[in-house]
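Note on naming: letters A, B, ... go to the chains in the order of the sequence lines (proteins, then strands), and numbering restarts at 1 for each one. Note that the structure is predicted; figures quoted are calculated from it, not measured. The figures that follow rest on heavy atoms only: side chains count, while hydrogens, waters and symmetry mates do not.
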Protein chains: 2
Amino acid sequence: MVIEVGDGEGLSARQRQVLDAALALLVAEGDRLTMTGVARCANCSKETLYKWFGGRDGLLTAIVQWQASGVRIAPVGTGTIDRPALAARLERFAADWLAVITSPTSVALNRLAVGHAGTGEADLGRTVLANGRFALARRLKPVLEAARAAGLVAFDDAEEAFRTFFGLVVRDVQIRLLLGDRARPEGAAIAADAARATTQFLALYGVRSRPARAGQT
Amino acid sequence: MVIEVGDGEGLSARQRQVLDAALALLVAEGDRLTMTGVARCANCSKETLYKWFGGRDGLLTAIVQWQASGVRIAPVGTGTIDRPALAARLERFAADWLAVITSPTSVALNRLAVGHAGTGEADLGRTVLANGRFALARRLKPVLEAARAAGLVAFDDAEEAFRTFFGLVVRDVQIRLLLGDRARPEGAAIAADAARATTQFLALYGVRSRPARAGQT
DNA sequence: GCACAGCCGTACCGTACGTTACGGTTCGGT
DNA sequence: ACCGAACCGTAACGTACGGTACGGCTGTGC
């Protein structure tokens, strides 16, 4: 199965406007998003919505893909990999990821996809996973493997190492937000969490190289 | 705010039957659960459903509380606390928790609550969190604090330690299941994951006492 | 035996919303 | 200036479902 990662290439400027409006409405209204509401809020006709997106499912799918195309995790960058650089990079990933999953937009989209999972053909959940968790893994694994090649960390399976990192970063934050708990960390807390997760990950997988005790945050 | 943890005390046998049927239907149908469907499936009339539960929201709330009353995490038990006992207890918690959150029932219920979060007054999300994540924390924290008192582990904040343990146990499993990914670990994998999470948690928080190198799993 | 309460099954009502259809308007091409 | 395509705004249709009403059945207290 091929998941359309959708960089919003085939969309006209007007269509992007409509999707922006729909996304904003989704964040505000949640799953009560209605075709009439989108049309009114986007100043377009329902007929146009149906022509462009085929129906409600198509619109929702387009919204998910459109938002995904706007999420950009820190590019990997192929610089030298020493211990401080690795820590900085992991911390950056963690902070970016926390910022994404705690954003109202991401929460609304994940709620939509969760509620929609297992029903219908569109399978928004698959798309959200492809653009979220799996996209993150795709970006992070090369970093982990480069670090392993440089002797900084040790693990058998990059996938397992990634999942541990994921757990250390996300913890209970995402599920709590999805379930409506007010627990959204702001800037400073996110930075602190990212640093803690990185430290813990390196404590679990890091290789104690030489005496080098410096730069442990 | 007081959350009704609901041990199903005020329910007649017949009402439990109805809730069981409704829960089964919820697992099968997802959010498309309909009052008519519940009535048909439970061999009762809609009038009775409305009389007993007040409406759809009331029924959903009753379903959530009813299922929560059936979930039992390993009781804490106040035995001696040495390193192997601590590891065994953590592993037990982790395995129980993984079994719960990966069960189709839990997935269906969490999907329902997530989709329902932020809308309406019932606030199923709050109930699910109270009976899930927070109930787990309530059970686990005394164990962690007893272990700290015994000098086995070290941490400043039991809440933070719990959240780390939670992350190490759950990782990406729950969000993937909620989003419809087929990634349900079965018995052996759950046991392995529980052991790994426990080992990692003790590696992060455990106090290296004396030479004692035995019993590291 | 009988009145009555509780419940089942079903029919019914009102609404919300997805979907379709249509008249009017804007705009680019010729 | 004219034509056609695309699009806006709105009205209309059909259905699904939450909620309500009612007739019939069963079991229990007197």
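- The OH-P distance, from Tyr50(B) to dC22(D), rounds to 17 Å in whole Å.
- The residue from Leu59(A), Leu19(A), Leu26(A) that alone fulfils the side chain to side chain contact (heavy atoms under 4.5 Å, CB included) condition with Val38(A) is Leu59(A).
- A donor-acceptor pair shorter than 3.5 Å cannot be found between the side chains of Asn131(B) and Thr127(B).
- We find that CD of Gln17(B) is positioned 14 Å from C1' of dC8(C), with the value rounded to whole Å.
- Distance, Arg32(B) CZ to dC17(C) C1': 17 Å, rounded to whole Å.
- As rounded to whole Å, 16 Å separates atom P of dA21(C) from atom CG of Leu49(A).
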Which protein N or O atoms sit under 3.5 Å from an N or O of nucleotides 8-14 of chain D?
{"from": "dC8(D)", "atom 1": "OP1", "to": "Arg14(A)", "atom 2": "NE", "distance (Å)": "3.1"}
{"from": "dC8(D)", "atom 1": "OP1", "to": "Arg14(A)", "atom 2": "NH2", "distance (Å)": "2.8"}
{"from": "dC8(D)", "atom 1": "OP2", "to": "Ser45(A)", "atom 2": "N", "distance (Å)": "3.4"}
{"from": "dC8(D)", "atom 1": "OP2", "to": "Thr48(A)", "atom 2": "OG1", "distance (Å)": "3.0"}
{"from": "dC8(D)", "atom 1": "N4", "to": "Glu47(A)", "atom 2": "OE1", "distance (Å)": "2.9"}

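- The interatomic distance linking Lys51(B) (NZ) with dG18(D) (C1') rounds to 18 Å, in whole Å.
- A salt bridge does not link Asp181(A) with Arg133(B): every distance from a Lys NZ or Arg NE/NH1/NH2 to an Asp or Glu carboxylate oxygen is 4.0 Å or more.
- Distance Arg56(A) CZ to dT20(C) C1': 17 Å, rounded to the nearest Å.
- Here the straight-line distance linking atom CZ of Arg163(A) with atom CZ of Arg171(B) works out to 4.0 Å at 0.5 Å rounding.
- Counting non-hydrogen atoms under 4.0 angstrom, Leu59(B) reaches nothing in the nucleic acid.
- Aromatic ring pairs are classed by plane angle as parallel below 30°, tilted from 30° to 60° and perpendicular above 60°; the pair Phe155(A) and Tyr205(A) is perpendicular.
- For the side chain to side chain contact (heavy atoms under 4.5 Å, CB included) test, residues two or more places apart in sequence or in another chain that qualify with Thr105(B) are Leu23(B), Val27(B), Gln67(B), Ser103(B), Leu109(B).
- In this structure, Phe165(B) and Phe201(B) have perpendicular ring planes: the angle between them is above 60°, well past the 30° mark.
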Distances for protein N/O vs nucleotides 25-27 of chain C N/O pairs under 3.5 angstrom?
none

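- Computed from coordinates, the Leu60(A) CG to dC17(C) P distance equals 14 Å when rounded to whole Å.
- In this structure, Glu29(A) atom CD and dG18(C) atom P are separated by 12 Å, rounded to whole Å.
- Using a cutoff of 4.0 Å between basic side-chain nitrogens and carboxylate oxygens, Asp20(B) and Arg16(B) are not scored as salt-bridged.
- Here the straight-line distance linking atom CG of Leu140(B) with atom CZ of Arg89(B) works out to 10.5 Å at 0.5 Å rounding.
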